[in-house]
Amino acid sequence: MNRRSQVFFGLATLLALTAFAGAKFFPENYRPPDEVSAALRSLASAHPQITKLIPIGKSQGGTEIAVLRIAGQTKGGTDPDVRTAAFVAANIEGLHLIGTEAALALCEKLLSGYGTDKAITELVDSRTVYVAPLLNPDAAKAFFSRPKWERTTNARPVDEDLDMQVDEDGPDDLNKDGLITQIRAKDPEGKWLPDPQEPRLMKMADPQKGEKGIYTLYTEGLDNDGDGLYNEDPAGGVELNRNFPHDYEYNVKAAGLYPVSEAETLALVEFLVSHRNIALVLNFSTENTILNLQQTGQAKPGADKAKVPKMMASFLGLEADQEYTLKEIVEAVKASGVGGGMEITEDMVAMFLGMGAAVQIDRQDMPLLEAVQKEYKDALKEAKLEYPEKRAKGVGKGSFAAYCYFQYGVPVFSVDLWAVPEPKKEPAKDALTPEKLKTMSAEEFLALGEDRINAFLKEQGAPPDFSAETLIKMVKSGQVDPKKMAEMMEKMPKRPPAEGEEHPDAYILKWADASLQKKGFVDWTPFQHPTLGEVEIGGFVPFLRTVPPPGEIEKTVAFHTNFCIRLMGKLPGLEISKTEVKPLGSDVYQVTAYFTNPGWFPTSTAQGRRARTAWPITVRFTLGNEQALFSGRPIESIPYLDGSRDTKKVEWTVKGKKGSSLVITAATPRLGTTSVNVVLD
Ligand SMILES: [Ca+2]
Ligand SMILES: [Ca+2]
Ligand SMILES: [Ca+2]
Ligand SMILES: [Ca+2]
């Protein structure tokens, strides 16, 4: 190879590499499903004393789904699957690669901190932590595939368009950049037009504002089966995070045939219901339910009005064949005294009348969630982690988190770990205002520069022909001074504020331009499409919103794994904190036992009690030989204990010999069993 061709070859390679770097979009920081499995196996084999790798099932596509159990040796050899536990779930959506990494990092932190870090050692010795780092491996594979496309479905073959063919028309990488983006095609009947402020972004035309669409948008690809629709039936499947039984969407293909119809969701639900010791679920997903408390879709009671069953109607003083609003029914129930002092909500009435699932957080659980929210916000601030709070995503219908809270009946916290950062607002003190303008000299005004003046004009809603360029010319030529200009501007008709509104994705594009060297967006480029003709291909790079760039991973993972460990340290517990024996004479004794929750979380949530999946605490009083119970019951039930050392007592009167003993036991599935030996004395 001569020198010239060497140089040429080098250049060509460089160009190819640059193109490919954009296409790859930092995969080296994230592990594909087989590497996640390998990482779990190696963690388990490096720490055999305190781990157990539990395969819970296989994805539709055949990848094993595993839970790593972390539990230290307990005194008395309590079974780790019986003592109080936290379950950490990750990446049920498949595109939340950062969640998988955080879950693995949490395992590593707990295992390496065991024996060296006091809080971690205490946690691991007294509790059990289950971690499932990858719940949707089929979808996660799409991140590592070429072309890369955002997919949240498992590999179940589904005929989305009911044409008797399955998975026959998926996206196609037409421009061969390794990414599935979008196509925009000029179309007189199109519904889309470029955003006037940011023409790279497309917005839906609003006919009420006189806007007219000029483009139709498609996912990048061909109409493989020639039915006139583009990419209408891609590979897969069911969106696992819509396949859970609470507030489930029937007759929606992506939600599956029926609740828990999928291998992955079934495996997960089976694991949860067979591990009744789980008292807390932490979920790494694109939702952030610590900041956004919306616990399920937009579900509302099915109708505004409802009829009340005949039997109830007469009891409530209502007419059986008349329709009432939920509010009216709530009032009637309250007036009747049926609730026995319980807070009656529209939600409860709706559920009772079979109008739909509960969708609101139980009022009694609110203080708990708000306290965690405050702690989280304070911790974010302290760690100087900026998070666009208002953009935090709530939970959708049929989601895993909704199932955990409403049906499984435990506190659940979803965190997304990262979101595209909000652009920083200009500090207000430097902001230019018409008032400031009035006091400025011509020199000071010119020193502002064209960009700042333009920004100011835009902010003021100045007409488009009122540009910085013309103003600068006018000031320079002495036609106008800043004071006069400010007065003119105050009189000027303002553009309607709607036009100043930014495209909802504008901040994402700005961030991508600034932080990803423009690699976050594929610029619209002409393409000759075989059936659509002249089109352009472009749009956001897949995974831009859910996968943080390398520089931002470590800090958020460290922060959130620490926060999770903190939350796990708040798990409820059950102890018999004190017993008292009082002789009443003639071999009769009064025995009192105090039951305490040493944890911060209550022993059950109000919703758990309502769903009847939070068991009460069962107290057993087991008499010794030749003892007899005078008063009190051999089995008592304590509905629940609040957090932070809430204590309830139970009393009995026993006849028995001085010095003889009996046993008091307290047990509930989520908190294990504890017992104490009491001597009559
Ligand atoms: Ca089909
Ligand atoms: Ca492409
Ligand atoms: Ca098609
Ligand atoms: Ca296609």
Side-chain angles (χ1 to χ4, degrees), residues 30-74 77-92 94 96-117 120-121 123-141 144 154 240 262-285 400 404 557 561 564-565 568 571:
Y30 300 97
R31 280 168 274 193
D34 53 337
E35 283 181 36
V36 173
S37 302
L40 282 179
R41 280 196 300 274
S42 91
L43 284 173
S45 64
H47 304 270
Q49 301 296 321
I50 55 169
T51 60
K52 185 181 172 193
L53 193 57
I54 312 170
I56 63 166
K58 279 197 168 143
S59 73
Q60 195 74 39
T63 302
E64 192 164 85
I65 302 170
V67 169
L68 185 67
R69 185 186 79 187
I70 302 173
Q73 304 294 306
T74 44
T78 316
D79 182 351
D81 290 331
V82 166
R83 67 185 192 189
T84 308
F87 183 79
V88 182
N91 206 358
I92 187 83
H96 198 245
L97 284 299
I98 180 74
T100 295
E101 292 303 322
L104 288 172
L106 178 67
C107 294
E108 282 158 21
K109 191 171 268 178
L110 291 174
L111 295 172
S112 66
Y114 183 67
T116 54
D117 180 296
I120 289 176
T121 310
L123 175 73
V124 173
D125 270 341
S126 61
R127 313 297 198 191
T128 297
V129 182
Y130 301 105
V131 186
L134 181 51
L135 290 169
N136 191 350
D138 294 354
K141 280 182 185 161
F144 304 94
N154 69 355
L240 300 182
E262 300 312 289
E264 299 89 340
T265 50
L266 182 62
L268 182 53
V269 168
E270 275 181 343
F271 183 83
L272 290 178
V273 295
S274 61
H275 289 77
R276 303 198 298 175
N277 56 324
I278 294 169
L280 172 70
V281 172
L282 302 173
N283 183 34
F284 298 148
S285 80
F400 174 59
C404 290
V557 166
T561 48
C564 285
I565 291 169
M568 291 192 268
L571 277 164

Quick check: do [X] and [Y] have side-chain heavy atoms less than 4.5 Å from each other?
{"X": "N283", "Y": "F87", "answer": "no"}
{"X": "F400", "Y": "V281", "answer": "yes"}
{"X": "F144", "Y": "L97", "answer": "yes"}

Donor-acceptor contact below 3.5 Å, side chain [X] vs main chain [Y]:
{"X": "D138", "Y": "G61", "result": "yes"}
{"X": "R127", "Y": "L571", "result": "yes"}
{"X": "S45", "Y": "R41", "result": "yes"}
{"X": "T51", "Y": "A44", "result": "yes"}

Residue pair I120 / L110: nearest heavy atoms and the distance that separates them: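 Residues I120 and L110, closest heavy atoms: CG2-O, 3.4 Å.
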Smallest separation among heavy atoms of A46 and P48, with atom names: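 Shortest heavy-atom contact: C-CD, 3.4 Å.
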Worked verdict on L40 versus L104 for side chain to side chain contact (heavy atoms under 4.5 Å, CB included): CA-CA 8 Å; L40 282 179; L104 288 172; 3.9 Å; yes
Contact list for residues 96-108, test side chain to side chain donor-acceptor pair (under 3.5 Å), sequence neighbours left out: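 As it turns out, the side chain to side chain donor-acceptor pair (under 3.5 Å) pairs with a partner in residues 96-108, which skip direct neighbours, are R31-E101, N91-T100.
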Inter-residue atom distance Y130.OH - L272.CG, 0.5 Å rounding: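 So the gap between those two atoms works out to 10.0 Å.
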Gap between atom OH of Y114 and atom CD1 of I70 - 0.5 Å precision: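 If I round to the nearest 0.5 Å, the distance is 11.5 Å.
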Lys/Arg-Asp/Glu bridge criterion (N-O < 4.0 Å) met for R69, D81: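 Answer for the salt bridge query: yes.
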